Amino acid sequence: MPTIEGLVHRLNLLRGQIYIDLGGHHRDSVLICGMQRSGTTWCADVINHNNDFRTIYEPFHNQRVPQAARFATWQYLRPDDDDSEFLEPATAIFEGRIRNWWISARNKRIVVRRRLVKDVRCLMMAGWIRAHFPEMPVILLLRHPCAVLHSMRRLHWRSNTTDNILSQPRLMADHLEPFRGEIEAAADAVDDNIIAWCANHYVAIRQLAGQRVCVVFYEHILRDPHGEVARIFAFLGRPFDKCAFARMMAPSNRIRVSRFGDSRALMIGGDTLGGWREHVAPAQLERALELLARFGLDEIYGPDPMPRVANLSGFGIPVV
């Protein structure tokens, strides 16, 4: 016998698929991409605080979206690849032509023209997306790999790095062959998840060099929520709306600020800025830093919670 909660859940899934999408071009979509557990859902909720967008949730999930069944978990595609097996479903996604319970689960808009696409599986095809959908704004969200590691371990998630990367010969040949040894040797959850973080961001940053994308650090939002949210809105060509902070303060997204002298301890949903340091052992942190250095990403993150850089201009991605 279905429970009331189950019926409500099914009704919400059905409601999300009831919409009229008037925007038929990829320019009517905005893409937020990042690793899982990096705050992409929270960021999407803040941008869509007033329900202006139709929310499209993780459309490249190959087990939940039939049209994406051919995509690997972290699919790599060369920018000039025009294979219809990938281009046709991606075009349907970014033009809003797929109606599916999974991608519509968080949608609350009925008549729409703009779409907000949130995905955690497309970092390795970021260059391909920019080449084929050049008018779609892209937001790249980064979070400290040890914070991601801690969040993944709390959920008992593994990235299965070896299978997801080594099974793609073009990905290895174009970007990751120098790191084959580290990828093949990933045995425990620390190596698995940190290498996944490094590989995804290494490939994405290399592909996005010279591209106009909005780079956002999760930690910068925590440290300066007003300034960072205003910057995101400016990138999207939208007037800054202070009501976005009401969304930040919602129970699932609550941001708390505590002042101790000149320092600030910030928290979202019980997750402090440097809270991961209480759960990542010194040896695990040392290993994470070794891998970051191996991929040349130690310029971005180090042993402290805050990123070492204000932007990724040192990696060739322009400041916007």
Side-chain angles (χ1 to χ4, degrees), residues 19 21-23 25-35 38-59 93-96 106-120 122-123 126 129-130 133-143 204-205 208 211-257 264 266-269 271 273 306-307 309-313 317-320:
Y19 58 81
D21 196 325
L22 303 175
H25 195 278
H26 70 260
R27 73 169 70 93
D28 299 312
S29 291
V30 174
L31 173 64
I32 301 176
C33 57
M35 282 291 289
S38 291
T40 52
T41 299
W42 173 70
C43 185
D45 286 346
V46 172
I47 292 173
N48 198 26
H49 67 94
N50 56 358
N51 202 32
D52 273 354
F53 295 84
R54 170 191 160 203
T55 300
I56 297 180
Y57 180 81
E58 298 185 4
I93 287 168
F94 293 132
E95 292 183 354
R106 300 179 68 88
N107 179 53
K108 298 178 182 178
R109 183 85 182 186
I110 297 177
V111 180
V112 302
R113 181 170 294 278
R114 300 202 70 188
R115 298 170 294 274
L116 191 60
V117 183
K118 174 266 185 198
D119 196 84
V120 296
C122 63
L123 285 175
I129 289 172
R130 293 296 297 149
F133 308 97
E135 297 181 63
M136 178 175 61
V138 174
I139 298 171
L140 172 64
L141 183 62
L142 294 90
R143 186 186 186 190
I205 290 170
L208 292 175
Q211 298 286 332
R212 187 178 185 275
V213 298
C214 183
V215 176
V216 179
F217 291 97
Y218 179 89
E219 296 83 6
H220 286 171
I221 298 178
L222 293 180
R223 181 60 58 86
D224 179 19
H226 187 284
E228 284 299 289
V229 174
R231 185 172 69 87
I232 295 170
F233 276 45
F235 172 75
L236 298 177
R238 304 179 66 203
F240 176 64
D241 188 343
K242 292 184 178 180
C243 292
F245 291 102
R247 185 63 182 175
M248 283 181 163
M249 295 297 294
S252 61
N253 297 321
R254 186 169 292 119
I255 178 169
R256 305 178 188 132
V257 181
R264 288 206 254 175
L266 297 115
M267 182 182 298
I268 289 183
D271 188 10
L273 177 61
M306 290 297 294
V309 294
N311 52 63
L312 294 183
S313 59
I317 300 179
V319 178
V320 297

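This is a predicted model, so every value here is computed, not measured.
For Pro59 against Val117, the heavy-atom pair with the smallest separation is CG-CG1, 3.7 Å. For the pair Ser313 and Val319, the tightest heavy-atom approach, listed with the atom from each and the gap, is CB-CG2, 4.0 Å. Phe240 and Phe233 make their closest contact through CA-CD2, 3.8 Å (heavy atoms, listed as atom of the first residue, atom of the second, distance). Nearest approach of Leu123 to Gly34, heavy atoms of both residues: CD1-C, 3.8 Å. Nearest heavy-atom pair, Cys33 versus Val138, reported as atom, atom and distance to 0.1 Å: SG-CG1, 4.1 Å. Val213 approaches Ile317 most closely through the heavy-atom pair CG2-CG2, 3.7 Å.
A heavy-atom distance below 4.5 Å is not found between the side chains of Leu31 and Phe133. For the pair Thr41/Tyr57, a side-chain contact is recorded, criterion being any heavy-atom separation below 4.5 Å from C-beta on. Side-chain atoms of Arg238 and Asp52, non-hydrogen and from C-beta on, do get closer than 4.5 Å to each other. A 4.5 Å side-chain heavy-atom check between Ile47 and Val30 finds every atom pair outside the cut-off. Residues Val120 and Ser38 form no side-chain contact, since every pair of their non-hydrogen atoms from C-beta on lies 4.5 Å or further apart. A heavy-atom distance below 4.5 Å is not found between the side chains of Phe217 and Arg223. Inter-residue side-chain proximity for Glu135 and His26 is flagged as met; some heavy-atom pair is nearer than 4.5 Å. Side chains of Glu58 and Thr40 form no contact here, defined as non-hydrogen atoms less than 4.5 Å apart.
The CZ atom of Arg109 sits 14.0 Å away from atom OH of Tyr19, with the distance rounded to the nearest 0.5 Å. Annotation: the span from Asp119 atom CG to Ile93 atom CD1 amounts to 8.0 Å, rounded to 0.5 Å. Once rounded to the nearest 0.5 Å, the distance linking CG of Leu141 with CD1 of Ile232 reads 7.5 Å. In this structure, the separation between NZ on Lys118 and SG on Cys43 is 11.0 Å, given to the nearest 0.5 Å. The CZ atom of Arg27 lies 11.0 Å from the CZ atom of Arg114; values are rounded to the nearest 0.5 Å. In this structure, CZ on Arg54 lies 8.0 Å from OG on Ser29, to the nearest 0.5 angstrom.
Other residues, nucleotides and ligands contribute over 12 non-hydrogen atoms within 6.0 Å of the CG atom of Leu22.
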Problem set entry | From CA spacing to verdict: side chain to side chain contact (heavy atoms under 4.5 Å, CB included), Lys108, Thr55 | CA-CA 8 Å; Lys108 298 178 182 178; Thr55 300; over 6 Å; no
For this session: Report the C-alpha separation of Met136 and His25 in whole Å, then their side-chain angles, then the decisive distance to 0.1 Å, and conclude whether the side chain to side chain contact (heavy atoms under 4.5 Å, CB included) test is met.
Result: CA-CA 9 Å; Met136 178 175 61; His25 195 278; over 6 Å; no
For this session: Please report the C-alpha distance between Ile32 and Ile139 in whole Å, then the side-chain angles of each, then the deciding distance to 0.1 Å, and finally whether the side chain to side chain contact (heavy atoms under 4.5 Å, CB included) criterion is met.
Result: CA-CA 5 Å; Ile32 301 176; Ile139 298 171; 4.2 Å; yes
Exercise. Step by step, would you call Tyr218 with Glu228 a side chain to side chain contact (heavy atoms under 4.5 Å, CB included)?
Worked result: CA-CA 9 Å; Tyr218 179 89; Glu228 284 299 289; over 6 Å; no
